[in-house]
Amino acid sequence: MALYMKAAEILDKVEQRKGAVKTLVYDSKFQNIKQLFALVCETQKYSLVLQEIVENTRLLKHTNLRNNLAKVLVYDLLIGQGLKCGGNWKAMMLKHQSRLQAALARIKVKRKVSRNQDLLPPSVQHKGSDIPRYVRVNTLKTTVEDVIDYLKREGYSYHGTDLCSVSGKVFMRDLHFRDILVFSAKMDFHDHFLYKAGHIILQDKASCLPAYLLDPPVGGHVIDACAAPGNKTSHLAAIMKNKGKLFAFDLDAKRLSTMSTLLLRAGVTCHRLANEDFLKVDPLSPAYKDVKHILLDPSCSGSGMVCLHDGSSEEQEQEPERLKALATFQLRCLNHALKFPKLQRLVYSTCSIHPQENEEVVSLCLEKNPDFRLIHLLPEWPERGQDPLTECLRASTTKTFTHGFFVAMLVRQATPNTESSSKQPPVISDPSVVVDEQTEVSVEDDQPPAAKKRRNRKKPKKQKT
């Protein structure tokens, strides 16, 4: 019964706007995080249908259950894989099972559908159904080639780069990221040896964009400003080859504790965890005098995450005020991050689909910080930021087959922004070869290094006779 009690508690907190589903689930420290997360997400998806069943059968009156507890129980009884509890709770629900099933059947007849999924609101009916399972190989512990060989010995088939062929135990290597493998959406690795040993990280492809594009140098000093639950932090550490210093901040002590466990499993040793509000971190502190790279992924609405919203009218009515508050916080974080004196490159990202948290925040920040500008990222990426910020990237379930995401990169200009407005921004296709880490980024960095050397090479002057 602990599963249902915890799921109901999280749904209560979500309704009270005390946090995003994913955050609350991880903070709960429940033994089976995956099981809890799935139950909460699915109950949210079917929330309107479940509420109608509960009301039509007067279940709360007959059982004295709280509303969200009744909904998670009804979900598993009627739509899920069956109740996972016993004793009095199971006996009570089975007593009302026939009435509950009849109520669900009447709803289907009324709406002229035969399948449960056809009862979902249009906004979530097919959301996420085509998102593959992405697995990032943790290069701190192994190599992509070794993981592929290991999986082949387990009966998996490697089919190159054809996304359409991914099904069953067939997998491929991602087209954009060297360290990501792509599997069928139904593939589960939570109990797999490679996952438990920290050799692979279960991370959505879009979530890999920030660290990949920031591309900190080996031995560099880097800040992960809002770090928990830690997948991006471990990705940064892998890119840095566990050398240098990786400062990771998070205000929530419980999230930071969970993150510490994740980093330990991933073999990360270069991190410096701090239970601290990033907005209160002093940019002029000697500890951060060599920080040149910052990854900022602040709290957001989570609107791009699959299964986190039911599309109800109540949720839509509350959204504008919530977005306004979140955008204010995100802008404060972004402005604060740009105060670090040696900062060269910053990646700002959210798992939100709303312009208020994405393009609008970046635009306001650039107005207040003229020494920074946007970099044009991954020309081959199929989804761009909304006009006029097409330098940025977006991700979605339909175009990139990922969760919804937004990424922008800001770089410091060595000279005042007087001439750069008329020039095209540089393009990043492989971040590891774009910016010389020993020099500040300037408007002249639009030219490739070889071109700059040729330009700066002066011919000897002829001697007058």
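FYI, side chains are in, hydrogens and waters are out, and symmetry mates aren't considered; it's all heavy atoms of this structure.
Note on residues 221-233: pairs passing salt bridge (charged side-chain N to carboxylate O under 4.0 Å, His left out), not counting sequence neighbours, are K232-D297. Residue pairs meeting the salt bridge (charged side-chain N to carboxylate O under 4.0 Å, His left out) criterion with at least one member in residues 195-207, sequence neighbours excluded: D174-K205.
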Hey, can you pull the donor-acceptor pairs under 3.5 Å for the side chains in residues 237-250, sequence neighbours left out?
{"residue": "N242", "atom": "OD1", "partner": "T269", "partner atom": "N", "Å": "3.0"}
{"residue": "N242", "atom": "OD1", "partner": "C270", "partner atom": "N", "Å": "3.4"}
{"residue": "N242", "atom": "ND2", "partner": "G267", "partner atom": "O", "Å": "2.9"}
{"residue": "N242", "atom": "ND2", "partner": "T269", "partner atom": "OG1", "Å": "3.2"}
{"residue": "D250", "atom": "OD1", "partner": "D252", "partner atom": "N", "Å": "3.1"}
{"residue": "D250", "atom": "OD2", "partner": "A228", "partner atom": "N", "Å": "3.3"}

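Here the closest non-hydrogen pair linking F329 and P298 is CE2-CB, 4.0 Å. Pairing each heavy atom of Y134 with each of T400, the nearest pair is OH-O, 3.8 Å. Contact between K141 and A197 at its shortest, heavy atoms only, is NZ-O, 2.8 Å. For the residue pair K169 and M187, the shortest heavy atom distance occurs at CA-CE, 4.0 Å. Closest approach of P132 and F183 over heavy atoms only: CB-O, 3.3 Å. Scanning both residues, A225 and L296, for their nearest heavy atoms gives CB-CD1, 3.7 Å.
Judged by distance alone, the side chains of D76 and Y4 do bring a donor and an acceptor atom under 3.5 Å apart. No side-chain N or O of Q330 forms a donor-acceptor pair with one of T350 less than 3.5 Å apart. Side-chain contact of R412 with Q344: a donor-acceptor pair under 3.5 Å is absent, judged by distance alone.
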Going through the checks in order, is the side-chain contact (heavy atoms from CB on, under 4.5 Å) test met by C351 and C300?
CA-CA 7 Å; C351 54; C300 70; 3.3 Å; yes

Output, in order, the C-alpha distance, side-chain angles, deciding distance and verdict of side-chain contact (heavy atoms from CB on, under 4.5 Å) for L374 and C392.
CA-CA 8 Å; L374 287 173; C392 308; 4.0 Å; yes

Between E9 and K6, is the salt bridge (charged side-chain N to carboxylate O under 4.0 Å, His left out) condition met? List the steps.
CA-CA 5 Å; E9 178 186 328; K6 185 58 68 175; 3.4 Å; yes

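For D188, the salt bridge (charged side-chain N to carboxylate O under 4.0 Å, His left out) partners are K34, not counting sequence neighbours. Under the rule for a ring pair (Phe, Tyr, Trp, His ring centres under 6.0 Å), H221 has no partner lying at least two apart in sequence or in another chain. Every residue meeting the side chain to side chain donor-acceptor pair (under 3.5 Å) condition with R394, not counting sequence neighbours, appears here in chain and number order: E359.
Side-chain contact between E360 and V362: absent, with no pair of heavy atoms (C-beta onward) separated by less than 4.5 Å. Using a 4.5 Å cut-off on side-chain heavy atoms (C-beta onward), S349 and L209 make no contact. Under the 4.5 Å side-chain criterion, counting only non-hydrogen atoms from C-beta, H235 is in contact with C208.
In this structure, the side chain of S234 engages the main chain of N231 through a donor-acceptor pair within 3.5 Å. Here the side chain of D179 pairs no donor or acceptor atom with the backbone of V137 at under 3.5 angstrom.
Taking the six-membered ring for Trp and thresholds of 30 and 60 degrees, F189 and Y156 have nearly parallel ring planes, at less than 30 degrees apart.
Taking the six-membered ring wherever Trp is involved, the centroid distance between the rings of H190 and Y195 falls below 6.0 Å.
With a 6.0 Å radius and a threshold of 12 heavy atoms from other residues, nucleotides or ligands, R332 has its CZ atom at or below the threshold.
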